[in-house]
Structures are given as C-alpha cells and as structure tokens.
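Counting starts at 1 for both ligands and their atoms, following the listed order. Computed from heavy atoms alone, side chains included, the values below leave out hydrogens, waters and symmetry copies.
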Amino acid sequence: MRVLVIGSGGREHALCWSIAASPLLTKLWCAPGNPGIAQVAECVPIGAMDFPALVAFAQDNEIDLVVPGPEAPLVAGISDAMEAGGIPCIGPSRAAAQLEGSKAFTKQLCDDASIPTAQWERFDEPDAAREFVRRRGAPLVVKADGLAAGKGVVVAETEVEALAAIDAMMQARTFGEAGASVVIEECLLGEEVSLFALCDGNTALFLGAAQDHKRVGEGETGPNTGGMGAYSPTPSFPPALQDAAMDGIIRPALAEMARRGTPFRGILYAGLMLTADGAKLIEFNARFGDPECQALLPRLMSDLLPALQAAYDGELRNFDLRWNGEASIVVVMAARGYPEAAERGSEIRGLDRAAASPNVQIFHAGTEADAQGHIRAAGGRVLNICATGADIRAAHAAAYAAISKIDWPEGFCRHDIAWRALAR
Ligand code: AMP
C-alpha cells in the first residue's frame with residue numbers, strides 16, 4: 001500500500017511510526033511532516049490545508065490510503081476533496097466532522113441519541129446569553145461554538161467570569177466567527193478521561209483510553225495547553241466502564257450519524273467526565289488525540305494499516321485489535337514560554353542517546369532541522385517522550401530517564417505526568 005499521512009506533529013509521527021511497521025506498506029509519505037517523521041516517511045512540503053496540492057500529489061503518486069491527523073483539514077473537508085479526486089481517505093467527511101467542528105451540533109446529537117452529557121443551551125445573541133447566566137448563576141461553562149484551537153472553553157467559577165467570556169467570544173470575537181454562537185453548559189464534576197474508537201460508519205472498535213494533562217504546570221496549575229502528557233491504561237476508567245461508554249456514548253453517536261445520512265468514518269474521540277452518575281460526554285473530536293495517540297499506539301500489537309483500511313472499507317464488523325498489557329506514558333517537552341509565547345530556534349542535543357533508552361520512543365512534534373542537520377525547536381510543544389513498562393511506575397521511570405539524557409536547557413516538561421495512576 002502507498003500511504004499518505006497529513007500533518008506535522010507528534011500524533012502524525014506516531015501514526016507514521018506505526019504504519020511504517022506494517023508489512024502491507026510499500027511506501028509512506030507525510031505532508032508536510034517534520035524531521036522526526038522524515039526518519040520513517042518521505043516528507044512532502046505541502047501544507048495540511050492545501051487541498052488542491054494534496055489531491056494532486058495523491059493522484060500523481062497513486063496513493064491507496066490518505067490518513068489525516070489533525071482536525072482542521074477534516075473539518076474543512078479533506079476527505080471529501082480526496083474522494084472527489086478518486087483517492088481513499090480514512091477520515092470523516094466534512095459533514096461528519098461537525099462532531100468536532102460545532103459544539104451545538106454535538107449537543108443536539110447527544111439529545112437526539114440520548115447520550116449523557118451536561119445540560120446545555122445555545123445562544124446567538126449576547127443579551128440572551130447574559131440573561132441565562134444571571135438566571136442560572138455560576139459555576140457554568142461557556143463555549144465558543146466553532147473551532148478555537150482548544151481555547152474556546154471557559155469554565156467560569158463566577159458569574160463575572162461567565163459574562164466576561166460571553167463578551168470576549170460574542171462581542172470582541174476573540175475567536176472570530178467561532179464565537180458567533182456560544183453554548184453554555186452545566187459544570188460537571190469528576191475525573192476526565194479520553195476514549196478512542198475506530199469507526200467505519202456503522203461499527204466502532206475500541207482504540208484505547210487515556211488520561212491527559214492539559215495544564216502547563218505541575219499539580220494541574222497554570223494555563224491550558226494542547227496537552228503536556230498522557231498515559232494509558234487509566235485505573236479510574238477500567239474496562240467495564242469503557243465498555244459502558246462504547247455502548248452508551250460512542251455507538252449511539254455512530255448510529256445517529258448514520259441515520260442522518262452522514263456516517264462517521266475515522267477515529268472518534270470522546271472526552272468524558274466520570275461523574276457520580278456515570279460517564280458523561282464533554283466533547284467529541286473527529287480524530288486521534290495529541291498526545292494520547294502517542295501513548296496508545298506503542299501498546300497496539302495489531303497492524304494499524306489493515307485496521308485503517310477496514311475502517312475505510314466498512315469492514316470493521318469482523319475485525320479485532322490486540323493490545324499488550326503494558327502501561328505507557330507520553331511526556332511532552334515544550335519550548336520555554338509555552339503556551340503564551342514559545343521561544344523558537346534553540347538547539348536540542350542528545351536525542352539519539354535518549355531514543356536508545358530501553359522501551360522508549362521519541363516522537364517529534366515541533367522541530368526543524370537547520371542547514372547543518374541540527375534539530376531545533378520550531379513550535380510550542382516540541383518533543384514527545386514515550387515509554388512503556390510493566391506498570392505505570394516503570395513506564396514513568398523509563399520516560400524520565402530518557403528525558404534526563406536530552407540536552408535542551410531551553411525546553412521544559414511536567415514531572416508529574418500520570419500522577420493519578422501513580423498515587424493509586
Ligand atoms: P472541550 O473543548 O469541550 O473539551 O472543553 C475543554 C475543557 O473544558 C475540558 O477538557 C474540560 O476540562 C472543561 N469542560 C468542558 N465542558 C465542561 C463541563 N460541562 N463541565 C466541566 N468542565 C468542562
């Protein structure tokens with residue numbers, strides 16, 4: 001198979017690493033990729049949103065399967081563009097990617113399919129939103145309806161914060177058109193976990209569960225980030241609860257999407273809150289999580305490529321995926337200043353030595369190679385240090401032992417990734 005992965009982060013490096021191990025693979029490309037991905041795939045300098053160039057490349061190179069990593073091209077319709085060009089693409093159509101592209105769409109779907117979620121209301125007028133906040137009182141969660149790079153959600157402890165969020169989203173348009181409408185929700189209490197499913201339109205196959213760490217600082221402090229680390233499995237979300245969430249959340253969503261004529265094909269990611277009344281949906285995403293993907297794929301024993309192909313073909317019914325019983329962890333190394341203003345350009349040394357550590361995989365997220373071939377920071381989240389072990393303690397120790405071999409004074413990481421599991 002000739003495969004094209006789209007994206008340039010740690011998630012796409014992990015996908016490429018996994019696909020590269022498949023005996024079914026003839027050749028792997030990644031657009032645009034990064035220096036880490038270049039070790040396992042041929043990188044093509046085409047941006048993830050340049051659909052005409054991506055389709056032309058896929059046609060010219062007779063690509064058998066396109067695998068988009070990030071949400072932006074999916075929500076903008078990369079799968080439709082590829083299909084129109086005669087190229088198979090395992091990712092939801094633009095219509096199905098609305099599960100990630102619009103909060104109100106997902107909330108309505110939850111109501112239609114009886115999926116447990118926070119009570120909610122949608123507002124197109126700031127006055128009505130403000131009036132609702134005054135009537136209901138805090139705490140409340142205010143969400144920009146559209147895509148806002150993970151930043152369009154404010155968990156407001158007070159009425160003042162909720163009103164400020166409405167002003168910022170609906171009036172100042174901090175997130176542009178994404179804030180034209182807002183969803184205001186009941187605030188759920190509990191532990192958050194992520195559940196992943198590979199979907200073929202009708203059938204959903206469990207693709208792992210993980211817990212991530214969104215805050216930049218240790219002890220869950222400081223601003224939100226794209227994710228500073230993750231681990232799997234999650235002791236607070238045991239297999240019985242995972243099965244219940246597959247049956248009560250993922251499968252009803254898939255059935256409702258099919259019933260509406262917009263079947264979901266690809267990776268469905270459910271962000272869940274484990275509340276006192278069971279798991280409730282916080283959000284759906286239309287792709288693998290980053291960095292959860294990097295923690296999950298090292299535990300997958302089955303070949304990922306035929307699973308992706310079967311999802312594309314609508315043949316997951318008779319498919320099975322095997323996972324090893326190990327624990328895994330991913331620690332994100334970020335450039336100083338992240339998430340506000342990450343410093344670019346600093347040199348990272350010692351990567352080969354660190355990558356040679358036992359049970360360790362290093363994925364590149366935001367790196368570039370300079371003219372001399374030195375690896376430099378080129379983004380906020382820069383490296384993903386992944387490790388597996390017999391239990392979470394062993395995986396944790398292996399990851400941080402590898403990190404200690406990386407010589408990058410301008411980078412930092414959290415040292416408490418997986419603390420909930422370690423505390424048990
Ligand atoms: P979202 O983009 O919808 O995943 O929201 C981002 C983060 O906001 C989530 O990971 C939660 O930590 C928090 N959040 C979102 N909705 C709620 C809710 N209804 N109750 C409590 N926390 C929430």
Side-chain angles (χ1 to χ4, degrees), residues 70-72 74-75 97-111 115-123 129 132-133 136-159 161-162 165-166 168-169 174-175 178-179 181-196 209-217 219-231 234 236-237 245 249-250 253 267-292 332 339 420:
E71 60 276 22
L74 289 166
V75 171
Q98 280 299 295
L99 278 178
E100 172 151 12
S102 163
K103 305 274 186 206
F105 177 92
T106 294
K107 297 302 283 191
Q108 189 58 53
L109 181 112
C110 286
D111 287 0
I115 293 169
T117 189
Q119 284 178 18
W120 65 286
E121 234 165 285
R122 172 197 162 143
F123 299 93
F132 179 80
V133 166
R136 285 292 299 266
L140 284 171
V141 183
V142 183
K143 301 184 173 185
D145 181 54
L147 274 191
K151 298 192 181 86
V153 174
V154 173
V155 180
E157 304 291 346
T158 64
E159 244 177 77
E161 280 174 69
I166 291 167
M169 289 175 196
T174 322
F175 307 113
S181 312
V182 300
V183 165
I184 304 185
E185 289 186 7
E186 156 203 16
C187 190
L188 299 175
L189 291 179
E191 232 183 84
E192 276 184 73
V193 292
S194 309
L195 173 66
F196 298 90
Q211 194 160 42
D212 76 334
H213 299 267
K214 290 215 171 62
R215 302 297 193 101
V216 74
E220 313 308 333
T221 55
N224 260 316
T225 69
M228 294 300 290
Y231 66 97
T234 45
S236 54
F237 190 45
I249 294 175
I250 298 278
I267 293 168
L268 186 56
Y269 162 162
L272 306 176
M273 189 74 89
L274 303 178
T275 74
D277 318 321
K280 292 194 178 178
L281 183 79
I282 297 176
E283 61 163 350
F284 278 127
N285 291 314
R287 35 82 197 177
F288 233 142
D290 183 345
E292 293 95 328
V332 171
R420 284 189 186 84

Is the contact between V153 and ligand 1 made by the side chain, the backbone, both, or neither, using heavy atoms and a 4.0 Å cut-off?
side chain
Regarding K107 and E185, does a basic nitrogen lie under 4.0 Å from an acidic carboxylate oxygen?
yes
Aromatic plane relationship, F132 with F123 - under 30° parallel, 30 to 60° tilted, over 60° perpendicular
tilted
C187 to V141 - nearest heavy-atom pair and separation
CA-CG2, 4.0 Å
Number the atoms of ligand 1 from 1 as they appear, then name those within less than 4.0 Å of a heavy atom of A118, with their elements.
19 (N)
When the side chains of residues 152-159 are checked against the rest of the protein, which donor-acceptor pairs come out under 3.5 Å, sequence neighbours left out?
residue : atom : partner : partner atom : Å
T158    : OG1  : E161    : N            : 3.2
T158    : OG1  : E161    : OE2          : 3.3

For E121, all residues meeting side-chain hydrogen bond (donor to acceptor under 3.5 Å, both in side chains), sequence neighbours excluded
none
Residue I282 vicinity, atoms of ligand 1 by number, heavy atom under 4.0 Å:
3 (O), 4 (O), 15 (C), 16 (N)
For ligand 1, which atoms, with element, lie under 4.0 Å from some heavy atom of K143?
3 (O), 15 (C), 16 (N)
Under 4.0 Å from a heavy atom of K103: give me the atoms of ligand 1 that qualify, with their elements.
1 (P), 2 (O), 3 (O)
I'd like to check which ligand 1 atoms, numbered from 1 as shown, lie under 4.0 Å from a non-hydrogen atom of C187.
20 (N), 21 (C)
Ligand 1 atoms in contact with M273 (distance to a heavy atom under 4.0 Å)
21 (C), 22 (N)
Under a 4.0 Å heavy-atom limit, does K214 contact ligand 1 with its side chain, its backbone, both, or neither?
side chain
Pairing of E71 and R287 as salt bridge, 4.0 angstrom limit
yes
What's the spacing between D212 CG and E192 CD if we round to 0.5 Å?
7.5 Å
Taking only non-hydrogen atoms of E186 and a 4.0 Å limit, the atoms of ligand 1 in range are 18 (C), 19 (N), 20 (N)
